[in-house]
Amino acid sequence: MDNWDLTSLQRVLEETVQNTIGEAEKGQVPSYIPELARQEKRRLGVSVCLKDGSVFSAGDAHLPFTLQSISKTFSLMVALCEHGERYVFERVGKEPTGDPFNSIIKLETIKPHKPLNPMINAGAIAVAGMIPGGSVEERLEKIMRLLRKMTGNPDLRVNDEMYQSEKQTADRNRALAYFLKDSRILDGDVEETLDLYFRHCSIEVTTVEVARLAAILAADGYDIASKEQLFPREVARICKTFMVTCGMYNASGEFAIDVGIPAKSGVAGGIMAAVPQRMGLGVFGPALDDKGNSVAGVKLLQKLSDLWDLSIF
Ligand code: GLN
């Protein structure tokens, strides 16, 4: 269904939010980052960005939240653009783990000790280590510049309270990073690379912006708003493939069957879903399931996928 009747599209979004928001009761807001634990559970927002760049939203679409793991897609993009595939995949793998996103176990048991993929925390920290620059600010700016262009929001910023909150409680991520340093996957200053990672996870967005990011991925890097190719098709293809195989952590297989859209979730409750050549979706629902994905957000995407036949499989 690509000849959108735009009034019915808007109505479908509103109705679907209304009859899905109750799912939030089944989840919990995460407690391991204090600032995330303060989020209100019963929230649900969605935005859809169509091929022509028009955006439709319903529910809590204008509430700001932080990208968290969704940002891993864009740090990977910057690393691939700066260094090329060979360099990046010498330091991080291409396989799903079947373990929680912050697990440390396979880092030690698999040889060589490189993280299995760039969507788990260990892999994303390794990728952060690849972003070049003279200071953390300069390195962060490379990611921010890309995201500002993609979202069309020149004021995109890091939520400082979230960044500080994660930084003060990130012993697990610190353990991963020092292990990577010991294994020679990370070089340079570990604390600086962690700082970059915490900051890019704390970039604040709304579902409207996430839908725009997804729409550009769906269009293989082409941005209809600026009429520019923002990154190579090949980079878009790699990112979308990781979104299918590892984007929803160790629920990626189930999500591929139930929803069938390349997607990346974050622990603040966001999901970015890119339907190739058709649309981008941004979803926000802070109550998470035990794998760390938005409960109501996944359900909402499942309903829209069924209704509009969005599965790529
Ligand atoms: N900043 C979060 C962390 O490192 C990101 C994880 C996530 O969104 N799953 O724990």
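None of these values were measured; they are calculated from a predicted model. All ligand and atom numbering here is 1-based and tracks the order in the structure.
- Heavy-atom separations between Y197 and ligand 1 include at least one value shorter than 4.0 Å.
- Of all the atoms in ligand 1, the ones that sit under 4.0 Å from a non-hydrogen atom of Y249 are 7 (C), 8 (O), 9 (N).
- In this structure, R91 contributes its side chain and G123 its backbone to no donor-acceptor pair below 3.5 Å.
- Nearest protein heavy-atom neighbour of atom 7 (C) of ligand 1: S69 OG, 2.6 Å.
- For the pair K114 (side chain) and A126 (backbone), a donor-acceptor distance under 3.5 Å is absent.
- Residue N121 has at least one nitrogen or oxygen atom sitting less than 3.5 Å from a nitrogen or oxygen atom of ligand 1, judged on distance alone.
- With K240 as the partner, the side chain to side chain donor-acceptor pair (under 3.5 Å) test is satisfied by one option alone out of D220, T73, T245: D220.
- Applying the 4.0 Å criterion to heavy atoms of G266 picks out, from ligand 1, the atoms 8 (O).
- In this structure, N121 contributes its side chain and A124 its backbone to no donor-acceptor pair below 3.5 Å.
- The ligand atoms of ligand 1 that sit less than 4.0 angstrom from a heavy atom of Y32 are 2 (C), 3 (C), 6 (C), 10 (O).
- Contact check on K303 versus D306 returns no salt bridge, with no Lys/Arg side-chain nitrogen under 4.0 Å from an Asp/Glu carboxylate oxygen.
- When heavy-atom distances to ligand 1 are checked against a 4.0 Å cut-off, V267 comes that close through both its backbone and its side chain.
- The existence of a salt bridge linking E209 and R212 is excluded, since no basic side-chain nitrogen approaches an acidic carboxylate oxygen closer than 4.0 Å.
- Between the side chain of K142 and the backbone N or O of P132 there is at least one donor-acceptor pair closer than 3.5 Å.
- Residue N173 places a heavy atom under 4.0 Å from ligand 1.
- Taking 4.0 Å as the cut-off between side-chain N and carboxylate O, R199 and E137 count as a salt-bridged pair.
- Looking at C201 against ligand 1, only its side chain comes within 4.0 Å, counting heavy atoms.
- Using a 4.0 Å cutoff on heavy atoms, G292 does not count as a contact of ligand 1.
- Closest to atom 2 (C) of ligand 1 by heavy atom, among H200, Q68, K291, R172, is Q68.
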